[in-house]
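In what follows, a structure is listed as structure tokens, so that the remarks can point back to it.
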Protein chains: 2
Amino acid sequence: MAMSALPDLDSLKLLVDVGELGSLGRAARAAGIAQPSASKRIVQLERGLGVPLIERTPRGSTLTSEGKMVAGWAAQVLAAAEELMRAVQAVRHREAVHLRVVSSMTVAEYLVPRWLGELQNREPEVQVGLDVINSADVAARVLAGEVELGFVEGPGLPDGLAGRVVGTDRLVVVVAPGHPWARRRTVLRAPELAATPLVVREPGSGTRETLDVAFRGLHRAGPRLELGSNSAVKGAAQAGVAPAVLSGYAVESDVATGRLVEVPLAGVNLVRNLRAVWRRGRPLTGPAATLLSIASRP
Amino acid sequence: MAMSALPDLDSLKLLVDVGELGSLGRAARAAGIAQPSASKRIVQLERGLGVPLIERTPRGSTLTSEGKMVAGWAAQVLAAAEELMRAVQAVRHREAVHLRVVSSMTVAEYLVPRWLGELQNREPEVQVGLDVINSADVAARVLAGEVELGFVEGPGLPDGLAGRVVGTDRLVVVVAPGHPWARRRTVLRAPELAATPLVVREPGSGTRETLDVAFRGLHRAGPRLELGSNSAVKGAAQAGVAPAVLSGYAVESDVATGRLVEVPLAGVNLVRNLRAVWRRGRPLTGPAATLLSIASRP
DNA sequence: GCGCACTCATAGCCACAGGCTATGACCTCA
DNA sequence: TGAGGTCATAGCCTGTGGCTATGAGTGCGC
């Protein structure tokens, strides 16, 4: 199924702005371009999607009903894109940073950008730096005092660190839609899973740790493939290499859209806590404290 | 805060592909472009974000640790964009459609695209048409037999319709961060909210119905502004026009990033069910039945 | 009733982004 | 040592997307 050309984010933003500002011209000014350029872009977007999006009148433009829908979906795409940009900002500059945070992959990808966004919102003057590394290394860096605050997933809390749970995650087993397990009629049980070669994250990652702890004492097959990022693992699973075990956050949308199928699993607890950690005896101050309070909130 | 230019979705897709395929050339072929073009794009992306993304070696390219992170975030953006495209596909063609579905706004924006995606995945030959209209009109169209299946939010289930709950949603009160309510120390109670002019959706919408039912019997102020889409209401609230009442789905990401602040509310139940509805006595068949089973699953 | 102020669309121009092919440098393995 | 893979560079060309200038339509107020 060919994926009919992705839309252009600037045009989507423009569409959303037209909806909110009520006129093409105003939206153009908001985007810093001239009115005719905006007009052309919208026409192009309409042609590309094959749907009329805005209702032009001599005193402004409003979204058609299709336009409202597209704008709604577009807003979600844009929110995700802005999250990406925020996270990249935090990752980029290694100097002139007032708050340095380290985080393991899963928390970083799915939760930290939002927290950083809100921190930025509350204290715009704070420059945040974010490093994404393994859970094991996060603990080491925090212990060494190189960073004030870290986020980790996984079962244990190393000595010398204080922590607070800021969320939970559940590991799930997923397979490609064509895999036999996608249609199995019996529930998968831990021993069978443990004895199956899997696509998994690398040792030292929080995901892998959790899995290893859960399988302790069972007869285990070696991994079929070890990969260093959630999306690589997902890709391999989708390609049918083998079943994969991954964070529920990571596969949520793939399962929802049927690109991957979740295999129900019984008899083993793969829920794990996501924790903020800092050095015991060194209470957080300033922006680090603010970030912790943001993260712990809901 | 200027929003440092949105990234280009094709380049992001390319980056993700490099991560999954292990080489620039293969990713280029997957994208249907020549290898040098892909190379240039990635360089540009790296320049744009200010972060090195891939590690070039003579036998392939792998993502740097920053690259893995960016790819993870990019995958989320792409998933949202694909959801948009799927939804637009379903909205577009009004002819040659095998299954026609109507849905009210909130369900359509936040849940229906995923269900359609999975339906498409299971039964690729089915052409799906989606109309997004008010809850009230959904009921009318389903009753009239114009469409087999509809999705509505809101309290009541009209006579003549059968339905099944496929999810729940909670209305929330949100204000701009600068609004006095963002810092109020006392919990907001229903009578005060009812007596406040609000930004709300138009009459006939599921959101509005739910609100009106919840406020029945209270002294009410007229709305400050009535708008026809969730994003318009959000925009007005963000601009500080007045507090808004909206679906929790709609404001989730805005609240998480601090663009809007949720005001805790006591003494009134604003949880509502999202229902699939069809004509009583006419059981669903074919693709409509499949879609219902997809929607009811988790 | 006639401009004025606002909408959006069209036309024509220009620059550059992003595609292509051709080629070269580098590494690995048979 | 050559074959087969990697990626980068160079040079070319097209089309996209920006701009200004202008026209056409609507409503408002003098």
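Throughout, a chain's letter reflects where its sequence line sits, starting with A, and its residues are numbered from 1. Since this is a predicted model, take the numbers as computed values, not measurements.
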A:Arg220 and A:Asp212: CA distance, side-chain angles, deciding distance, side-chain contact (heavy atoms from CB on, under 4.5 Å) verdict: CA-CA 10 Å; A:Arg220 296 203 58 187; A:Asp212 289 345; 2.7 Å; yes
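Axis deviation across the helix from C:dG1-D:dC30 to C:dA30-D:dT1 amounts to 10°, comparing end segments of five pairs, rounded to 10 degrees.
In this structure, A:Asp8 and B:Gly25 both approach DNA chain D, and ranking their closest nucleotides by distance from the 5' end singles out B:Gly25.
Atom P of nucleotide C:dC8 and atom CD of A:Glu46 are separated by 13 Å, given to the nearest angstrom. The distance from atom CG of A:Leu21 to atom P of C:dT7 is 11 Å, rounded to the nearest whole Å. Atom CZ of A:Arg47 is separated from atom P of C:dA9 by 13 Å (rounded to the nearest Å).
In this structure, B:Lys40 does not pair ionically with B:Glu46, as no charged nitrogen and carboxylate oxygen lie closer than 4.0 Å.
The shortest heavy-atom contact between B:Leu9 and B:Leu78 is O-CD2, 3.9 Å.
Where DNA chain D meets chain A (any atom under 4.0 Å from a heavy atom), the bounding nucleotides read 5' to 3' are D:dG17 to D:dG27.
Without hydrogens or angle criteria, B:Lys234 side chain to B:Val251 main chain gives no donor-acceptor distance under 3.5 Å. A donor-acceptor pair under 3.5 Å links the side-chain atoms of A:Arg208 to the main chain of A:Arg201, judged by distance alone.
Within residues 35-45 of chain A, the residues approaching DNA chain D are A:Pro36, A:Ser37, A:Lys40, A:Arg41, A:Gln44, by heavy-atom distance under 4.0 Å.
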